Amino acid sequence: MANIVIVGAQWGDEAKGKIVDYLANDKEMVVRYGGGNNAGHSVTVGNILYKFHLIPSGILNCDTVCVISDGVVIDPGVLVKEIKGLHAQGLSTSNLKISSSAHVILPYHRLQDELEERRRGDTKIGTTGRGIGPAYMDKAARVGLRLGEFVRPDRFESRMTSLLAAKNESLAKLYGAEPLDVHKTLEEYRDYADYLRPYVMDTSRLIYEAARGEKGVLFEGAQGTLLDLDLGTYPFVTSSHPIAGGACIGTGIGPTFIDGVIGVAKSYTTRVGAGVFPTEQVNEIGEYIRERGHEYGTTTGRPRRCGWLDTVILRYSVQVNGMSCLSLGHLDVLSGLDEVKICVAYREPDGSLITQMPTDLPYREELEPVYETLPGWKEDVSAVREYTDLPENAKLFAKRVAELIEIPIGTLSVGPGREQTIIFEDVIQSRCKKRR
Ligand code: IMO
Ligand code: MG
């Protein structure tokens with residue numbers, strides 16, 4: 001079977017977890033390759049809603065090995081809580097492996113995230129406040145703590161003590177912050193280190209073997225393409241690489257091992273936090289989408305900004321991810337509207353049209369979205385299981401999206417449930433073919 005990357009094609013929250021859960025079924029391994037507990041992935045199975053921040057959504061398939069790899073930043077307290085939560089729900093984590101090269105989020109990272117956002121005032125990014133940016137900053141500055149060292153009993157105390165002393169000093173000088181209690185922090189984090197130790201190992205070899213194996217690997221993206229540190233709408237981005245290429249850097253697998261990339265998008269657009277959003281609807285359409293789509297953050301509970309589908313953004317996403325096919329979701333949310341719109345270009349003030357996403361989009365407030373208007377569908381589609389049973393106008397919408405982004409649709413989703421997915425198996429098979 002092919003090695004496939006699942007990637008968010010928009011600004012995150014595209015319901016990647018559901019498609020990961022579906023495709024994980026026949027894979028040997030699911031690997032989460034980037035980000036941290038800024039992610040919130042919900043998967044509904046039967047009547048049960050599972051929420052994950054760090055653990056790959058593949059954990060619901062008991063035969064699948066689940067890996068949190070090198071590119072992830074891990075808040076140990078959050079991970080311990082998540083593991084215990086799964087145990088409480090009767091799920092096993094014996095197949096969970098965590099990379100010793102993943103970096104640790106420590107309390108000063110969360111503090112710095114909060115202090116830095118406060119300092120930015122009106123220009124704040126609207127981060128999730130989980131310490132993600134500061135943890136990646138320390139990694140890049142080569143002063144981070146990796147999980148392998150964190151769980152080593154002979155290294156834990158000396159490394160933690162010196163890191164805490166240095167950070168207490170710099171945070172006091174930079175922001176006038178109160179120092180963190182070294183003793184209390186050591187006590188708390190020693191428990192986490194003890195708890196996580198059995199899960200921690202060198203995962204790159206493990207992933208390599210699985211990627212060469214029969215069943216293949218699913219690489220689970222977090223966040224979305226437009227939140228990528230290099231290729232997103234900088235500076236309103238996260239500090240990692242959610243794009244498909246991040247799956248190589250974040251795991252240690254070479255690009256020739258990736259057989260296919262499935263982008264996940266909603267039938268509309270959402271974004272949390274600040275930053276450019278050309279098709280945002282601050283009106284009754286935005287509210288309609290928010291209420292019907294339950295567009296409130298899994299991680300922070302913040303209401304998400306909502307607007308029409310933007311295919312300028314999606315085409316860019318197809319380009320930078322080398323996307324093989326698209327998983328288009330939340331089709332049910334658009335039911336009931338007289339008409340639906342798709343953004344196909346942006347208009348410059350002089351009237352000229354832009355059809356490719358400009359890299360300076362974050363400071364091009366003057367650009368106006370150009371829409372194609374399609375007839376809506378009144379029918380509730382949440383019970384539809386076959387493409388042929390969809391209302392004609394919903395089919396028209398999906399077809400037009402595929403035409404505009406020039407790749408086929410691999411799945412269409414009509415609700416959060418596992419079974420609420422129309423799968424074009426032939427598209428997935430032919431576009432994500434094993435190459436070795
Ligand atoms: P999933 O995996 C949506 C956004 C934040 C903020 C910016 C930077 O659920 O799709 P950070 O805390 O990462 O420094 O915040 O990125 N953001 C997300 N938005 N879904 C996510 O993850 C996100 N992870 C980060 O809202 O605008
Ligand atoms: Mg989210």
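Values in this document were obtained by computation on a predicted structure and should not be read as measured data. Atom set for the values below is all heavy atoms of this structure, side chains included, hydrogens, waters and symmetry mates excluded. Each ligand, and each atom within it, is numbered from 1 in the order the structure gives.
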Item checked: Closer than 2.8 Å to the Mg ion (ligand 2) - protein N, O or S atoms, ordered by chain and residue number ->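 The answer is Asp13 OD1.
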
Residues [X], [Y]: salt bridge by 4.0 Å N-O rule:
X: Glu187; Y: Lys184; result: no
X: Asp26; Y: Lys215; result: no
X: Arg32; Y: Glu220; result: no
X: Arg304; Y: Asp13; result: yes
X: Glu169; Y: Lys173; result: yes

Notebook entry, point to check: Is the distance between the ring centroids of Trp11 and Phe236 less than 6.0 Å?
Noted result: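 No, they do not, as the ring centres are separated by 6.0 Å or more.
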
Next item on the list: Keeping to residues at least two apart or across chains, list the salt bridge (Lys or Arg N to Asp or Glu O under 4.0 Å) pairs with something in residues 359-371.
Entry: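 Qualifying pairs: Glu348-Arg364, Asp360-Arg364, Arg364-Glu366.
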
Next item on the list: With sequence neighbours left out, write down each residue that passes salt bridge (Lys or Arg N to Asp or Glu O under 4.0 Å) with Glu117, or none if nothing qualifies.
Entry: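 Glu117 satisfies salt bridge (Lys or Arg N to Asp or Glu O under 4.0 Å) with Arg120 only.
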
Checklist line | Close residues, ligand 1: non-hydrogen atom nearer than 4.0 Å | finding: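 Close residues (ligand 1, cut-off 4.0 Å): Trp11, Gly12, Asp13, Lys16, Asn38, Ala39, Gly40, His41, Ile125, Gly126, Thr127, Thr128, Ala222, Gln223, Leu227, Val237, Thr238, Val272, Gly273, Arg302.
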
Next item on the list: Using the six-membered ring of Tyr195, assess whether NZ or CZ of Lys84 lies under 6.0 Å from its centre and within 45 degrees of the ring axis.
Entry: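 Lys84 over Tyr195 ring: yes.
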
